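Read the structure below first, then the notes.
Residue numbering restarts at 1 for every chain, and letters A, B, ... go by the order of the sequence lines. Please read all numbers here as calculations on a predicted model, not as lab measurements.
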Number of protein chains: 2
Amino acid sequence: MQTIDERASVPEARIKNMEEFSAISGISRPTVSKYFHDPESVRQSTRKRIEKALERYDYRPNIFAMNQNRKLTKNVGIVVPLLADPYFAEIARNLEQRCIDAGYRPTLFSAHGDPDLEVEVLENLRSLKPAGVLLAPLGRASHRDALAKFCDDVPTLIFDSSVDEMGIAFVGSDNFQFTSHITDYLCRTGEPPCFFEMKTPANPNAHRRRQAYLKAMEAFGHAPQVISVDGEGWAFEEIGRLGGHEALTNKQFSTNTILCSNDRLAIGLLTACYEQGVKVGRAPDCAIRVAGQDGHPNSRYTCPPLTTISHDYDAVSKHAAETLLEAIEGHVSPWKSTRLEGKLILRDSA
Amino acid sequence: MQTIDERASVPEARIKNMEEFSAISGISRPTVSKYFHDPESVRQSTRKRIEKALERYDYRPNIFAMNQNRKLTKNVGIVVPLLADPYFAEIARNLEQRCIDAGYRPTLFSAHGDPDLEVEVLENLRSLKPAGVLLAPLGRASHRDALAKFCDDVPTLIFDSSVDEMGIAFVGSDNFQFTSHITDYLCRTGEPPCFFEMKTPANPNAHRRRQAYLKAMEAFGHAPQVISVDGEGWAFEEIGRLGGHEALTNKQFSTNTILCSNDRLAIGLLTACYEQGVKVGRAPDCAIRVAGQDGHPNSRYTCPPLTTISHDYDAVSKHAAETLLEAIEGHVSPWKSTRLEGKLILRDSA
DNA sequence: ACATTTTTTTTACGCGCGTAAAGATTTACT
DNA sequence: AGTAAATCTTTACGCGCGTAAAAAAAATGT
């Protein structure tokens with residue numbers, strides 16, 4: 001490499017591609033390519049030369065061209081059902097960080113609550129040639145066959161909500177434990193709870209929670225009561241609020257304690273209670289107790305702050321990311337489901 | 001094109017690229033390429049033949065390879081400061097939809113509240129060769145020069161929070177009008193408000209709102225009072241809660257009405273009020289009134305529901321998307337700032 | 001100083017698709 | 001039927017980079 005590009009004397013000259021950069025740095029393109037793949041893989045002296053050039057010209061390889069012809073990419077896709085829900089935003093961010101720390105390039109997608117968009121996202125994801133993907137399916141509404149076909153083609157770890165035995169593994173929370181645990185707490189500290197849920201929940205975890213509630217109540221020798229409210233879609237708070245109004249008006253709650261299927265529903269219910277002047281909490285002057293499930297980011301700021309059982313965000317995302325990355329790196333193992341326990345968060349609502 | 005690929009008889013044969021697809025469809029690759037660029041651009045009969053093949057083999061072009069050598073792509077990047085904030089999630093989704101409807105391919109990114117990540121995201125965005133980008137900067141913490149350089153290279157519309165006179169235009173809300181309007185409302189319906197804000201707000205809109213508050217109070221002939229609470233970062237609710245506790249304990253509020261700089265701060269303040277047993281609302285038995293600003297998705301579900309002045313989400317995102325897409329399509333015009341008025345949303349908190 | 005090992009350079013092709021140009025084919029139209 | 005216009009096929013190159021193989025150069029060891 002003898003020729004030094006004349007433009008090297010003009011600091012502002014923008015480097016368009018690796019070819020140009022290799023010219024001004026005086027290092028051959030394949031070596032430069034190697035450097036960007038792993039800076040440690042080239043000799044110390046050439047690394048210095050490259051980095052010196054890098055200081056003067058802020059060239060960066062085109063990430064999409066990079067992946068075009070690579071055997072194994074470092075891309076991982078993260079797909080959640082609905083980014084507008086802070087719960088998913090939170091866990092997605094957590095997963096992103098773990099991927100970055102492990103040297104991977106995460107890209108985040110949301111299905112925006114729409115099953116068609118979910119498969120659309122997955123189809124587009126193929127173009128990224130991802131080494132793997134972390135997928136939280138929409139749930140009930142997901143197009144099973146499309147997801148399954150995707151999982152056949154690219155290493156996919158399912159998290160949050162499981163759909164059949166898809167992908168390389170499932171990591172999520174132990175919904176039975178969630179509901180049993182908080183039901184137990186509620187029974188020990190006051191009247192046994194009734195269960196407040198959506199009639200047609202978007203996601204299979206809700207079914208598990210109802211089952212766990214019924215079983216727990218039976219075990220404790222109490223009569224269960226399930227209130228299933230109408231409502232489709234992902235506007236859980238509004239569904240909870242409207243359903244709450246109806247249930248309160250018709251005096252459908254058989255006890256003074258209400259366990260909600262999830263925190264967002266509980267938030268809506270709390271609003272309904274407020275609007276009807278029903279005081280919520282565990283103080284003597286309160287009419288009812290309300291508890292949620294999920295440990296939603298907003299649950300701390302309701303009035304009263306919501307007693308709930310929280311996902312172990314860190315543990316779930318850690319286990320999910322590690323399992324996927326191990327699989328990517330060749331660690332083969334049979335399909336496995338891991339469900340982590342939740343932690344009870346005691347606040348003023350119950 | 002005489003040779004029909006033998007694999008055509010095996011329906012399951014996966015098509016790897018456009019070459020293979022053109023073979024089994026019997027149409028030349030350039031024509032197939034043209035079809036995918038715009039199905040209307042090929043003759044009706046060939047379009048049918050392609051679509052018939054498409055039914056048997058679900059081939060889709062690689063979107064990243066597509067953009068590799070295109071003069072003008074249909075990509076648009078959408079960058080928000082923090083996806084975990086439902087406000088941004090909401091507006092981002094709105095923008096995405098508008099881009100899709102206009103025939104563009106939006107991709108969503110979040111800076112996750114980190115200025116370094118913000119420039120990182122923009123650098124990576126370059127690889128996408130976007131036709132344009134919709135950028136809501138972090139604000140105060142943003143690396144101005146990096147953003148400016150990016151705006152020089154790719155058509156960028158700034159929204160939500162303006163940073164200098166960057167990009168092709170700014171579209172956001174009229175923060176002066178916001179605060180003037182709601183201050184006016186509060187003054188007319190009770191005691192004039194004091195102003196509750198963060199000492200070092202993340203985003204320049206906060207300054208405008210404080211100024212507007214001061215000016216409005218002066219205009220109405222009332223003495224203003226600004227309570228600035230400590231706190232860094234994006235955990236506004238917690239900052240509002242802690243600051244609220246301190247202000248309540250020290251009796252810093254000079255009137256019974258508190259206008260918060262934004263809804264998330266207000267949500268935290270409401271929690272502090274609850275925790276101190278201070279009743280909020282406009283009913284006779286309430287101690288204070290609290291109002292927010294933004295029309296945050298959660299504001300409907302606080303207890304009491306939060307009176308606020310809401311962004312016109314639809315109008316902002318519509319104007320932002322249209323302005324960018326017009327610019328992309330050749331419509332040149334000088335830099336311009338558009339600030340849309342907000343709508344007062346009366347609820348129970350004030 | 002020599003041979004050996006490690007690293008770099010050259011050369012060349014591939015990824016999946018855009019795109020331009022010239023020729024062949026098909027359509028539309030008088 | 002004949003001509004012009006529209007569309008398609010062929011051929012060829014480009015985008016920005018990965019990667020393999022052979023040759024050249026540099027570092028290492030004795």
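Rounded to whole Å, the distance from OH on B:Tyr35 to P on D:dT7 is 16 Å. One interatomic measurement links the two molecules: CD of A:Gln68 to P of D:dG14, which rounds to 17 Å at whole-angstrom precision. Counting to the nearest Å, the P atom of D:dT10 and the CD atom of B:Glu19 are 11 Å from each other. What separates CZ of A:Arg49 from P of C:dT8 is a distance of 10 Å, to the nearest Å. Per the geometry, CZ belonging to B:Arg105 stands 14 Å off P belonging to C:dC17, to the nearest Å. If you measure from atom CD of B:Gln44 to atom P of C:dA28, you get 11 Å, rounded to the nearest angstrom. Distance, A:Phe36 CZ to D:dT19 P: 15 Å, rounded to whole Å. The interatomic distance linking A:Arg126 (CZ) with C:dG16 (C1') rounds to 16 Å, in whole Å.
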Q. Could you walk me through whether A:Gln97 and A:Asp101 pass the side chain to side chain donor-acceptor pair (under 3.5 Å) check?
A. CA-CA 6 Å; A:Gln97 193 57 56; A:Asp101 293 345; 3.0 Å; yes
Enumerate donor-acceptor pairs with a distance under 3.5 Å from any side-chain N or O in residues 154-162 of chain A to protein atoms, sequence neighbours excluded.
unit_1, atom_1, unit_2, atom_2, d
A:Thr156, OG1, A:Val154, O, 2.8
A:Asp160, OD1, A:Tyr87, OH, 2.6

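Between A:Arg60 and B:Glu120 there is a salt bridge, since at least one side-chain N of the basic residue sits less than 4.0 Å from a carboxylate O of the acidic one. With salt bridges taken as basic N to acidic carboxylate O contacts below 4.0 Å, one links A:Arg98 and A:Asp314. In this structure, A:Lys149 does not pair ionically with A:Glu123, as no charged nitrogen and carboxylate oxygen lie closer than 4.0 Å.
In this structure, of C:dG18, D:dG16, C:dT10, it is D:dG16 that holds the atom nearest to the side chain of A:Ala65. In the set D:dC15, C:dT11, D:dG18, C:dT11 carries the atom at the smallest distance from any side-chain atom of A:Pro30. The B:Pro61 side chain lies nearest to C:dC17 when the options are D:dC17, C:dT19, C:dC17. Comparing D:dG16, C:dG18, C:dG16 by their closest approach to the side chain of B:Arg29 singles out C:dG18. Comparing D:dC8, D:dT10, D:dG16 by their nearest atom to the side chain of A:Asn62 picks out D:dG16.
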All N/O pairs under 3.5 Å across the protein-nucleotides 24-28 of chain D interface:
none

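For the pair B:Thr323/B:Lys336, no side-chain contact is recorded, criterion being any heavy-atom separation below 4.5 Å from C-beta on. Here the side chains of B:Trp234 and B:Leu138 are in contact, with some heavy-atom distance below 4.5 Å.
When the side-chain nitrogen and oxygen atoms of A:Thr31 are compared with OP1 and OP2 of C:dT8, none of them lie within a distance under 4.0 Å. At the phosphate of D:dT19, neither OP1 nor OP2 sits under 4.0 Å from any side-chain N or O atom of A:Lys34. OP1 or OP2 of D:dG18 lies within a sub-4.0 Å distance of a side-chain N or O belonging to A:Ser33. Remark: A:Tyr59 is in phosphate contact with D:dC17, judged by side-chain N or O atoms under 4.0 Å from OP1 or OP2.
Aromatic rings of B:Tyr35 and B:Phe21 (six-membered ring for Trp) have centroids beyond the 6.0 Å cut-off, not under it.
End-to-end axis angle of the helix from C:dA1-D:dT30 to C:dT30-D:dA1, using five pairs per end and rounding to 10°, comes to 0°.
Residues B:Pro81 and B:Ser110 approach most closely at O-OG, 3.9 Å, considering heavy atoms.
Across the interface with DNA chain D, nearest-nucleotide mapping of A:Asn67 and B:Thr46 shows B:Thr46 to be the residue nearer the 5′ end.
With no hydrogens or angles considered, a side-chain donor-acceptor pair links A:His112 and B:Glu96 at under 3.5 Å. Residues B:Ser22 and B:Ser25 have side chains that never bring a donor and an acceptor to within less than 3.5 angstrom of each other.
For the segment residues 69-77 of chain B, residues with any heavy atom less than 4.0 angstrom from an atom of DNA chain D are, sorted by number, B:Asn69.
With sequence neighbours excluded, no residue forms a ring-ring contact (aromatic ring centres under 6.0 Å, His included) with B:Phe170. Listed by chain and number, the residues in a salt bridge (Lys or Arg N to Asp or Glu O under 4.0 Å) with B:Asp153 are A:Arg14, B:Arg126 (sequence neighbours excluded).
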